[in-house]
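When a ligand or atom number is given, it counts from 1 through the structure's own listing order. Both backbone and side-chain heavy atoms feed into the values below; hydrogens, waters and symmetry mates do not.
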Amino acid sequence: MRIDIITVHPELLESPFQHSIMKRAQEKGLLEVHIQDLRRFGLGRHLQVDDYQYGGGAGMVMMVEPLANCIEGLLQERHYDEVIYMTPDGQRLEQPLANRLSMKENLLIISGHYKGIDERIREHFVTMEVSIGDYVLSGGELPAAVLVDAIGRLLPGVLGDETSALFDSFQDGLLSPPVYTRPEDFHGWKVPDVLLGGNFKKIEEWRHEQALKRTRERRPGLLEDE
Ligand code: SAH
């Protein structure tokens, strides 16, 4: 899968993809992340990418022309399954959306800044608008990194244990059960006996009960959705 991210702050997107699982996904050739520096399409001597908003009011708006030129250049090179704008008024990112996007081949993500981007880009190029939650961040880079991580870890072969993403919270409509590792006893804080017994059927039952209990306590809405 190939993901392009358009940004005015490429440096904000360096670290998230250079470590851990996202790094491994790229090394294995399963994920390509290309950062597109919008400034290259900036206008005039100052490579301007934003301007005051029509009608007045505080805050700059990202201009239509640099974005359009950048997007059109990319669209000439390949087909994108979705052109996604990260925005607080978009569709909320939840696991099913990440699952769906992980099956695509090419995604183009636009991260906004300042007051956002000129509405005409949304009308004419954007096919999907995604929010990572009901709060406002200063730029779309962190949201884009969140989206790419959520998608990237689902690509077959990215996680060491292929099945492990399936058992994460939300995949089966339940939160994850508690997990433990060595030692069995730390300062008298013990690991539940059932996990040490080696009876896999019992362990599965216990995990399911715990997942249900946790979901009922913390996110009862997930159970009602079924
Ligand atoms: N004025 C806009 C907010 C702009 S925030 C509004 O009120 O809706 C600046 C940029 O940060 C946005 O263009 C968007 O790309 C990004 N952003 C901020 N919060 C976000 C969120 N919750 N989800 C996705 N992107 C977000």
Side-chain angles (χ1 to χ4, degrees), residues 1-17 21-22 31 33-43 46-75 80-102 104 106-154 168-170 219 221-222:
M1 168 183 253
R2 172 180 172 127
I3 302 181
D4 289 81
I5 309 175
I6 299 177
T7 172
V8 274
H9 289 295
E11 63 285 358
L12 278 178
L13 283 165
E14 274 166 22
S15 172
F17 305 117
I21 291 170
M22 289 306 109
L31 174 68
V33 181
H34 295 264
I35 309 300
Q36 305 291 344
D37 185 355
L38 184 65
R39 191 65 66 180
R40 288 188 295 122
F41 298 86
L43 304 182
H46 298 290
L47 301 179
Q48 189 182 355
V49 291
D50 58 285
D51 208 341
Y52 297 103
Q53 58 174 315
Y54 278 121
M60 306 294 272
V61 174
M62 287 173 65
M63 301 165 82
V64 66
E65 193 175 338
L67 273 169
N69 289 340
C70 180
I71 295 168
E72 271 166 356
L74 289 166
L75 289 177
Y80 287 92
D81 300 295
E82 300 285 356
V83 178
I84 302 172
Y85 174 46
M86 303 309 299
T87 177
D89 58 7
Q91 140 182 31
R92 189 99 56 86
L93 174 61
E94 287 179 356
Q95 194 62 50
L97 177 58
N99 294 352
R100 246 186 301 129
L101 290 174
S102 75
K104 307 290 186 190
N106 296 319
L107 298 175
L108 175 55
I109 303 178
I110 304 167
S111 36
H113 243 273
Y114 323 112
K115 285 302 280 181
I117 65 176
D118 190 300
E119 188 69 18
R120 289 166 289 186
I121 293 293
R122 300 172 69 164
E123 285 168 4
H124 298 285
F125 292 107
V126 170
T127 60
M128 180 183 272
E129 303 193 317
V130 178
S131 162
I132 62 161
D134 285 351
Y135 41 83
V136 176
L137 298 165
S138 46
E141 287 75 14
L142 297 177
V146 166
L147 179 60
V148 173
D149 189 302
I151 294 170
R153 66 193 294 284
L154 298 173
D168 283 330
S169 291
F170 307 114
R219 296 290 303 277
L222 291 178

Between Asp37 and Arg39, is the closest basic N to carboxylate O distance under 4.0 Å?
no

Partner set under salt bridge (Lys or Arg N to Asp or Glu O under 4.0 Å) for Glu129, not counting sequence neighbours
Arg122

Partners passing salt bridge (Lys or Arg N to Asp or Glu O under 4.0 Å) against Arg92 (at least two apart in sequence or in another chain):
Asp134

Quick check: do Val130 and Thr87 have side-chain heavy atoms less than 4.5 Å from each other?
no

Heavy-atom count around Arg2 CZ within 6.0 Å, excluding the residue itself: above 12?
yes

With a 4.0 angstrom cut-off on heavy atoms, strictly below it, pick out the residues next to ligand 1 and order them by chain and number.
Tyr85, Met86, Thr87, Pro88, Gly112, His113, Tyr114, Lys115, Gly116, Val130, Ser131, Ile132, Gly133, Tyr135, Val136, Leu137, Ser138, Gly139, Gly140, Pro143

Sorted by chain and number, sequence neighbours left out, salt bridge (Lys or Arg N to Asp or Glu O under 4.0 Å) with Arg40 holds for none

